[in-house]
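Okay, structure first, notes after.
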Amino acid sequence: MSLNAALAQRLEDIARMMDLTGEDTFKAIAHSRAARAIDALPPDVATLDKKQLLEIEGIGQKIADKIVEFVQHGHIKEHDELRAKVPPGLLEMMTIPGLGPKTVRSIWQTLDITTLPALKKALDDGSILTVPRMGQKAADKIKASIALTEQGAQRMALGLALPIAQRIVERMKKVKGVKEAAYAGSLRRGRETVGDLDILVSTTDPIAATKAFTTMPGVVSVIASGETRSSIRLAVAEDVGRWEAEGQRGDAFTGPSIQADLRIIPPASWGAALMYFTGSKDHNIRLRGHALDQGLTLNEYGLFPEDKSKTPPQDRGIEPVASKTEEEIYARLGFPWIPPELREDRGELSLKETPRLIELADIKCELHAHTTASDGSMSIEELAALAKAHGYHTIAVTDHSKSSVQANGLSVDRLLTHVEAVRKAAEKAKGITILAGSEVDILADGRLDYEDKVLKQLDVVVASPHTALSQEPEVATKRLLAAIRHKYVHILGHPTGRLINRRAGLSPDIATLIAAAKEHHVALELNAHWMRLDLRDTHLRAAVEASCLISINCDTHAPGDMDNIVYGVMTARRGWVTPALCINAWGAKKLDAWLKAKR
DNA sequence: GCCGTTTTCGGCCCGACTGTTTTCAGTCG
């Protein structure tokens, strides 16, 4: 775990323990906000002095002192003191959906329950019912929620969630009375994982839409169902690398599932609702603040004049000043339209105009792909045909190097034979450039898996770490720096080696890598596979600020893999990547000149 | 605890749904 992540965890724990001890809620919120700010921070906090810390939004004198204390001593006194007061099991209890600080505190003080097993016992023997405001229904819900958490319900990867959401949207569009349907939430913002699916529908027949939603195939339970909102759990099943909603299941279903929420939106409020439910929460809070500054109030029904009344304006027949489209609401507040991927309260409201971020149509080549020579499923010709079908001008054949034994990596002899075959295919190919390259292993000590005289013969070299992915951050930084500084390396492939929800990967000092990559004209890869998305959004943002080159690649092994570019582009946009900085968006000539400059 | 183009004090986003109440607290997003 990186220092930033460890610190963010401490601050978040402080916030949660404050909730539990009945401390001022706003104090807890402030710590929680600071935790998120630290978590999204590209530079290592240890490299920042107090003055720089204070420049970060949401960090003031007190929290800055706590950060300095953590960096210098490895712990925070206030954290230690709270830990002494608050049993650790309570924090675990609070991770159960539906169990908030008030309820956990109430259970703690009434029954002296401080662990999850003790809570389960109280739920089973009925003693939980002696807690104030705790009835049988609430107890049943908590019980079901614990069961769900224990079976490992975690945030679903973007690449698994998006196809499911798209299918639900298509289904809802066919329901009688439905005018518009769309997905929102973190999925629309392109986050690497999503907790649930937010589906928005505007319709003349809310009852039909609600019924269609709560009874569609795959629904295992209906969590809530009202006039404007319904929540369900959907069973999902693996299907050729994707997950999809399965057929109807009984109550006993305990397999993987995801929550989906339906919101019924009045057509006149479509833009306001889309904005509201797209979030992020922090972006919305920031926007509302700006609205209040201008004597306006913003909710999911629109932007209204603020008049301090307790009854919401839409319930008093007050006309919004903007509500139909996102564009008009942003414009009325004095902002350009902000692309969903940017709405994370990371400075996007300082933009004077909508930035020209990278788009799917900008991608013109794939520079990291495998064939049957190593662990891919396509021949050179099939790979080239696929790239051509995607409208690309160039495809790079980059099979694994010799140390990747598990991936049938190529010995020097096999590589040279393979390069011959690639060159022959390139001569015959029409309308596409085929490059001979390698995805060469960066060995644990930073050396590359082939000698220089071999690498020199290749058109493109992608250097990637595949083993020793638990190295200490300092060792990993040195290792990757060595690869970046290597004179024949073009691209640093999936730099951290992480696998979402499965493997943390390396935690190198990203700022150092970015500076070196910039200096040595090396592109940092954003591996577009939804299991990787490596580099991640915050790293990319730091790279963009340093004008470092980015390469978005699908790491293609099989025909469907090139479609993962969607997730790469979404992630790149979250990192504010522009077409100019993305070498895959360059024309063939510019790319060729850049590649040859290293030979 | 943070923050400030009316503020260094007094605010801090806002609404839906559920369950336990009988007018509202808690949680979520």
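The chains referred to below are lettered A, B, ... by the order of the sequence lines, with proteins before strands, and numbering in each begins at 1.
- Leu287(A) comes within 4.0 angstrom of no nucleic acid atom, judged by non-hydrogen atoms across all strands.
- Across the protein-nucleic acid pair, Lys66(A) atom NZ and dG1(B) atom C1' stand 7 Å apart, rounded to whole Å.
- More than 12 non-hydrogen atoms from other residues, nucleotides or ligands lie less than 6.0 angstrom from CZ of Arg105(A).
- In this structure, NE2 of His283(A) is placed 15 Å from P of dC14(B), rounded to the nearest angstrom.
- Distance check on atom C1': dC2(B) versus dT8(B) gives 12 Å, rounded to whole Å.
- Salt bridge status for Glu69(A) with Arg10(A): absent, with no side-chain N to carboxylate O gap under 4.0 Å.
- Arg332(A) and Glu328(A) are not joined by a salt bridge, as no carboxylate oxygen comes within less than 4.0 angstrom of a charged side-chain nitrogen.
- Distance Arg316(A) CZ to dC14(B) P: 12 Å, rounded to the nearest Å.
- Atom name C1', nucleotides dT21(B) and dC17(B): the rounded distance is 15 Å, in whole Å.
- Looking at heavy-atom distances under 4.0 Å, Ile29(A) makes no contact with the nucleic acid at all.
- Separating the C1' atom of dG11(B) from that of dA16(B) is a span of 25 Å, rounded to the nearest Å.
- dC14(B) and dC9(B) are spaced 24 Å apart, taking the C1' atom of each and rounding to whole Å.
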*Letter per nucleotide, 5' to 3', of nucleotides 19-29 of chain B [B base touched, S only sugar-phosphate touched, - untouched; heavy atoms, 4.0 Å]*: BB---BBSSSB
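- Screening Arg155(A), Arg498(A), Arg532(A) for a side chain to side chain donor-acceptor pair (under 3.5 Å) involving Glu192(A) leaves a single residue, Arg498(A).
- In this structure, the nucleotide among dG1(B), dC13(B), dG15(B) sitting nearest to the side chain of Ile285(A) is dC13(B).
- You'll find the ring centres of Phe70(A) and His79(A) outside the 6.0 Å limit.
- Counting to the nearest Å, the P atom of dG4(B) and the CD atom of Gln294(A) are 16 Å from each other.
- Between dT23(B) and dT18(B), the two C1' atoms lie 15 Å apart (nearest whole Å).
- Using a 4.0 Å heavy-atom criterion, one finds that Asn284(A) contacts no nucleic acid atom at all.
- Heavy-atom nearest nucleotides on DNA chain B were determined for Glu57(A) and for Asp293(A), and the one closer to the 5' end corresponds to Glu57(A).
- Counting only heavy atoms from C-beta outward, the side chains of Leu41(A) and Leu48(A) approach each other to under 4.5 Å.
- Straight-line distance between the P atoms of dG1(B) and dT5(B): roughly 23 Å, to the nearest whole Å.
- Across all strands shown, dT8(B) has no partner, as no Watson-Crick or G-U wobble contact with both distances under 3.5 Å is found.
- In this structure, Phe26(A) counts as stacked on the base of dC12(B) under the 5.5 Å centre distance and 30° plane angle limits.
- The C1' atoms of dC13(B) and dG29(B) are separated by 12 Å, rounded to the nearest whole Å.
- Rounded to a whole Å, the CG atom of Leu82(A) is 11 Å from the P atom of dG1(B).
- Residues Thr571(A) and Asp537(A) have side chains that never bring a donor and an acceptor to within less than 3.5 angstrom of each other.
- Judged by distance alone, with hydrogens and angles left aside, the side-chain atoms of Thr278(A) form a donor-acceptor pair with the main-chain N or O of Leu274(A) at under 3.5 Å.
- The separation between Glu23(A) atom CD and dG1(B) atom P is 7 Å, rounded to whole Å.
- Computed from coordinates, the Glu69(A) CD to dG1(B) P distance equals 13 Å when rounded to whole Å.
- OP1 or OP2 of dC17(B) has not a single side-chain nitrogen or oxygen of Ser231(A) nearer than 4.0 Å.
- Nearer the 5' end of DNA chain B, as judged by each residue's closest nucleotide, is the contact made by Gln314(A), out of Gln314(A) and Ile223(A).
- Residue-level contact check: Thr25(A) touches neither bases nor backbone, having no heavy atom under 4.0 Å from any strand.
- Evaluated for a side chain to side chain contact (heavy atoms under 4.5 Å, CB included) with Ile113(A), the options Leu90(A), Ile107(A), Val131(A), Val104(A) yield exactly one hit, Ile107(A).
- Atom P of dT20(B) sits at a distance of 26 Å from the matching atom of dG15(B), rounded to the whole Å.
- Rounded to whole angstrom, the span from the CD atom of Glu227(A) across to the C1' atom of dA16(B) amounts to 11 Å.
- Under 4.0 angstrom from either OP1 or OP2 of dC17(B) there lies no side-chain N or O belonging to Ser225(A).
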